[in-house]
Amino acid sequence: TANAEGDIVKFSNSSTTAGKIYMLRYDATWQEAQADNVTHCTGSLAVAVGTNSTTDGMCLRGFVNPFTDPGASIGNPVYLSDTSQGRFQATAPDSTGDIVRIIGYQYGTDLIYFNPSNDFIVHA
């Protein structure tokens, strides 16, 4: 399992990958989030703590080890990737229709303070 410390919930019995970012769907299941589409990233986000959302949990806010290090400088914001599902990235998505939403801050190599903003913009 991934390391996570913070607000962790356990429900829906969804298969997950530790350290990836998921969005809570209308049917109470988790799907990998991606910033390429409004329906894939504007709802409630969480980082998977392990391979099952009920057994291992989902971190809604707190310190997490991401699936891959986004490579941002310490203290800089991180964003949801528009090219790779469930991943953090160091730069804001910049293609037409992408969703720009700060989802946390880099605190060190493979250490993110995950705290997704409630606000987002659609890149024009």
Side-chain angles (χ1 to χ4, degrees):
T1 61
N3 289 324
E5 186 174 322
D7 299 338
I8 297 173
V9 296
K10 295 182 175 186
F11 65 89
S12 96
N13 203 31
S14 297
S15 293
T16 57
T17 300
K20 283 197 167 186
I21 307 158
Y22 290 80
M23 188 184 91
L24 185 60
R25 293 172 33 100
Y26 65 91
D27 60 358
T29 61
W30 297 97
Q31 79 172 33
E32 286 187 17
Q34 189 169 348
D36 67 341
N37 187 311
V38 145
T39 61
H40 298 150
C41 67
T42 57
S44 180
L45 299 178
V47 175
V49 179
T51 59
N52 183 279
S53 63
T54 300
T55 306
D56 303 308
M58 305 295 287
C59 184
L60 298 174
R61 182 184 61 189
F63 286 93
V64 298
N65 293 119
F67 181 73
T68 55
D69 183 42
S73 297
I74 292 175
N76 283 349
V78 291
Y79 305 86
L80 184 61
S81 175
D82 60 335
T83 57
S84 299
Q85 286 186 335
R87 300 212 181 165
F88 293 90
Q89 69 181 33
T91 57
D94 60 1
S95 298
T96 300
D98 283 351
I99 308 306
V100 180
R101 180 180 182 184
I102 294 174
I103 58 172
Y105 295 89
Q106 186 100 27
Y107 268 66
T109 304
D110 289 323
L111 183 62
I112 302 294
Y113 176 60
F114 182 70
N115 187 16
S117 172
N118 291 324
D119 300 322
F120 63 89
I121 61 168
V122 179
H123 194 280

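This chain uses plain numbering: 1 for the first residue, then up along the sequence.
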Under 3.5 Å: donor-acceptor pair, side chain of Y79, backbone of I99: no

Under 3.5 Å: donor-acceptor pair, side chain of Q34, backbone of D82: yes

A side-chain contact here means heavy atoms from C-beta on lying under 4.5 Å apart; do [X] and [Y] qualify?
X: T16; Y: D56; answer: no
X: R101; Y: P116; answer: yes
X: Q31; Y: H40; answer: yes

Please report, to 0.1 Å, the donor-acceptor pairs under 3.5 Å made by any side chain of residues 104-112, with sequence neighbours excluded.
residue	atom	partner	partner atom	Å
Q106	OE1	A72	N	3.3
Q106	NE2	D69	OD1	2.7
Q106	NE2	G108	O	2.7
D110	OD1	D69	N	3.4

In one Ile/Leu/Val/Met/Phe/Trp/Tyr side-chain cluster, 4.5 Å: [X], [Y]:
X: I21; Y: V64; answer: yes
X: L60; Y: Y22; answer: yes
X: I102; Y: L80; answer: no

Parallel, tilted or perpendicular, as decided by the 30° and 60° cut-offs, for the rings of Y113 and F63: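 Answer is tilted, since the angle falls between 30° and 60°.
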
Measure across [X] and [Y] and return the closest heavy-atom pair with its distance rounded to 0.1 Å.
X: F88; Y: P66; result: CD1-CB, 3.5 Å
X: F114; Y: A46; result: CE2-CA, 3.8 Å
X: S12; Y: A28; result: CB-O, 2.7 Å
X: A4; Y: V49; result: CB-CG2, 3.9 Å
X: V100; Y: P93; result: CG2-O, 3.4 Å

Inter- and intrachain pairs under side chain to side chain donor-acceptor pair (under 3.5 Å), touching residues 89-98, at least two apart: S81-Q89

Apply side chain to side chain donor-acceptor pair (under 3.5 Å) to [X] and list each qualifying residue two or more places apart in sequence or on a separate chain.
X: T39; result: N37
X: N13; result: N52
X: T42; result: none
X: D7; result: R61

Run through the side-chain heavy atoms of Ile, Leu, Val, Met, Phe, Trp and Tyr, join any pair under 4.5 Å, and report what else lands in [X]'s cluster.
X: I74; value: none
X: F67; value: none
X: Y26; value: none

Output the distance between atom [atom1] ([X]) and atom [atom2] ([Y]), rounded to the nearest 0.5 Å.
X: K20; Y: R87; atom1: NZ; atom2: CZ; answer: 5.0 Å
X: L45; Y: I103; atom1: CG; atom2: CD1; answer: 6.5 Å
X: C41; Y: F120; atom1: SG; atom2: CZ; answer: 7.5 Å

Qualifying ring-ring contact (aromatic ring centres under 6.0 Å, His included) pairs with a residue from residues 42-62, counting only residues at least two apart or across chains: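 Listed once each, the pairs would be none.
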
Set of ring pair (Phe, Tyr, Trp, His ring centres under 6.0 Å) partners for F11, sequence neighbours left out: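 With sequence neighbours excluded, F11 shows a ring pair (Phe, Tyr, Trp, His ring centres under 6.0 Å) to W30, given in chain and number order.
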
Residue list, salt bridge (Lys or Arg N to Asp or Glu O under 4.0 Å) with D27, at least two apart or on another chain: R25

